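For reference, the structure is listed below as structure tokens.
The figures that follow rest on heavy atoms only: side chains count, while hydrogens, waters and symmetry mates do not. It should be emphasised that the depicted structure is a prediction, and the values quoted were computed from it without experimental measurement.
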Amino acid sequence: MALAMGAFAFVSCNKDDDKNEKNGGQDKFLPYEQQQKIIEQSVEGLAQNIDFNSLAGSVTTLINSLYKAEGYVIDWRAGIEIAAAEDSIFAGKISAIKELFNSSDINLNLEPLYFEADIEFDSVPATYYYNSVDDSINAYPHYPRHGGSEYMGGVLIPVIKNIKHDTDRFLLNFKTIDDHNVNVSLKGSCDKEARFAWVTGKETKNVNLPNFIDFSLTLDNKNVLTFGGGLDTDFNVVVKGDRNGEENSSFKVSEVTAYGQNLAFMANATIDSYTVSANAVYGARSGLNVDARVLMYGKEALSVNATVDATLDEHINWCEVPSILSWLMNYELVRGLNVSAALGGDQIKVVAGLKENPVKYQEVLNAVAMIVGGSTPDPEAVKAMVDKINEILVGEIYFKGYDKPQAKLRLVYEAPAPEGTKGEVSSMLSSITEAIAQSGLRILVDTYDAEGNEVTITVSEYFGKINLQGALSTVVSNFKQAFGPLMSMIDRHDEELDGKIRDKEVL
């Protein structure tokens, strides 16, 4: 996404390129060195245009106001308990929210729990104490005292008022102690049927997923984050797994299966000045179509369309490579693939895909069987396979101002060198990739040299000479510069508070 967001900063081809014509001025060409330069400069432009300062400023204000107010601890639990004592309906909703994820089945239907409220903060003196039993830091007298080190300080109590229950969303309006306005809005609806099942041993937890969600976070009427999405499907997903014999051990997934006929999904998110949107539609007969866009400061930086002409098999275990490979090699279920991506509008466009599933053809199966089986492939059989794959393989790179692709990928066969000692392979996938690597199959790039002659270079020669390290370093540096003070402030706040309590500096 980051690469794409800088695409609009691409430099246009030099006007002298218009002179790069041949065949009586019919065909223009772009030497691959210039192609590499354009890609590299575009990434450099990205690095210089990605700005974290505005976002970092908003996040810093939010944390200072709602989480780590300077000189105070914010006692959210006390504020909620006070409001719950005054409003029994509010108390019931808070209790239901707390238990939402603890029940045997999870239903994320939030509509019955909606409420609106205005929240301000009152500053009161309090005593902080460190509870050595659970390693927590709390404020006395708002919590029962269990012993430990303590010192005097201030606490902010959220005052929850103007609670309304006849509303169509969660809407919280914060007035912070440093005079900022923060608004949080959340609404959504839930699928009536449980579409997700989590199976652990003999226990099954069913989950009703949201089919619509709308969230926004604003600071002083300025958007910080918005997210919206919708899902309409008849799919069911089952995840099976267990822990490695111990209660606190990591959970290991052993099986993931999905079955259904139709799916429609849309989502969009805006963070500061960056927007990502995506739509996906699946039908058992039509396959999967995905459209996605990335905008930066309102300008389209990336658009992607992917079409997978395939029908999912409900017997696939998405945790097992052999199961997935078996599905991929069924040309009646997996029929074709096409992906196109446009960077910076139409500055650069990449088209890739397979018009058909290669295993549909016997000449491909024959050569693959020899390669994967470890035997020396017959050169004629491999050549027949390569020719067939190149008929259905699409791999083209276009540049603005040029109607034809300036770089095209194709598969070739080169007789491999005598085999050395093979190392052990750890999986079926490793065995296949090693066999392909030693088979003599290579991907090359057909492009142009500086004189406009058609030349063929390796993939590594084309992409390997594009230096992206400088751009990456710039992005990392920009991020550290923007968020560094915030991270230092959080660490310093925690160290000072923990140190005073645990070291008994103030009693």
Side-chain angles (χ1 to χ4, degrees), residues 3-4 7 10-46 337-344 346-355 358 363-364 367 371 377 379-417 433 436-471:
L3 172 63
F10 281 172
V11 293
S12 299
C13 302
N14 191 291
K15 292 183 179 180
D16 290 339
D17 294 339
D18 293 339
K19 300 177 182 179
N20 292 337
E21 301 178 355
K22 61 182 183 178
N23 297 334
Q26 298 299 314
D27 299 322
K28 294 189 295 185
F29 66 90
L30 182 65
Y32 70 85
E33 293 93 343
Q34 289 184 248
Q35 298 175 37
Q36 295 166 333
K37 184 178 180 181
I38 290 175
I39 296 174
E40 187 171 313
Q41 288 180 335
S42 71
V43 180
E44 290 289 347
L46 158 69
L337 168 68
N338 182 70
V339 179
S340 63
L343 300 173
D346 61 351
Q347 294 288 349
I348 291 182
K349 184 177 180 180
V350 179
V351 178
L354 292 167
K355 301 175 185 176
E363 51 263 57
V364 174
I371 292 172
E380 291 301 319
V382 177
K383 183 180 184 302
M385 178 191 71
V386 168
D387 291 342
K388 177 56 66 174
I389 290 180
N390 282 328
E391 288 180 15
I392 60 179
L393 173 68
V394 179
E396 301 172 339
I397 303 177
Y398 294 81
F399 292 83
K400 185 176 182 179
Y402 299 84
D403 295 333
K404 294 183 178 181
Q406 298 301 298
K408 297 178 66 174
L409 303 181
R410 64 182 171 90
L411 188 68
V412 298
Y413 171 72
E414 300 172 354
T433 54
I436 293 175
Q438 297 181 358
S439 67
L441 295 175
R442 300 288 184 269
I443 297 179
L444 300 180
V445 180
D446 292 332
T447 183
Y448 299 98
D449 64 13
E451 285 73 38
N453 300 311
E454 294 184 358
V455 295
T456 299
I457 60 177
T458 64
V459 168
S460 60
E461 187 177 357
Y462 185 87
F463 293 102
K465 292 186 178 180
I466 301 173
N467 182 15
L468 305 181
Q469 188 59 45

**Item:** Atom pair CD1 (Ile39) and CG (Asn467), whose distance is rounded to the nearest 0.5 Å
**Value:** 13.0 Å
**Request:** Check step by step if side-chain contact (heavy atoms from CB on, under 4.5 Å) holds for Gln34 and Phe399.
**Result:** CA-CA 11 Å; Gln34 289 184 248; Phe399 292 83; over 6 Å; no
**Fill in**
Nearest heavy-atom contact between Val382 and Leu441 is CG1-CD2, 3.9 Å
**Message:** Restricting to non-hydrogen atoms, name the atom on Ile389 and the atom on Leu411 that form the minimum distance, rounded to 0.1 Å.
**Reply:** CD1-CD2, 3.8 Å
**Working for side-chain contact (heavy atoms from CB on, under 4.5 Å), residues Val445 and Ile397** = CA-CA 10 Å; Val445 180; Ile397 303 177; over 6 Å; no
**Residue pair Arg410 / Asp446, side-chain heavy-atom distance below 4.5 Å** = yes
**From NZ (Lys408) to CG (Leu393), nearest 0.5 Å** = 10.0 Å
**Fill in**
Tightest non-hydrogen contact, residues Ala367 and Met385, listed as CB-SD, 3.5 Å
**Request:** Kindly compute the distance separating OH (Tyr402) from CD1 (Ile348), expressed to the nearest 0.5 Å.
**Result:** 12.0 Å
**Request:** Identify whether the distance between the nearest side-chain nitrogen and carboxylate oxygen of Lys388 and Glu391 falls below 4.0 Å.
**Result:** yes
**Non-neighbouring partners of Asp387 that pass salt bridge (charged side-chain N to carboxylate O under 4.0 Å, His left out), sequence neighbours left out** = Lys383
**Message:** So which atom in Pro405 and which in Glu396 form the shortest heavy-atom distance, rounded to 0.1 Å?
**Reply:** CB-CB, 3.8 Å
**Message:** Looking at every non-hydrogen atom in both residues, tell me the closest pair between Lys465 and Gln36 and how far apart they are.
**Reply:** CB-NE2, 4.0 Å
**Item:** Approximate separation, where rounding is to 0.5 Å, of Glu454 CD and Thr447 OG1
**Value:** 9.5 Å
**Prompt:** Rounded to the nearest 0.5 Å, how far apart are NZ of Lys355 and CG of Asn338?
**Reply:** 10.0 Å
**Message:** Would you say CD1 of Ile466 has more than 12 non-hydrogen atoms from neighbouring residues, nucleotides or ligands within 6.0 angstrom?
**Reply:** yes
**Asked** Could you state the interatomic distance from CD (Glu461) to CG (Leu444), rounded to the nearest 0.5 Å?
**Response** 10.0 Å
**Message:** Could you check whether Tyr462 and Gln35, counting side-chain N and O atoms only, form a donor-acceptor pair closer than 3.5 Å?
**Reply:** yes
**Complete:** Smallest heavy-atom separation, Val455 atom then Tyr448 atom, equals CG2-C, 3.8 Å
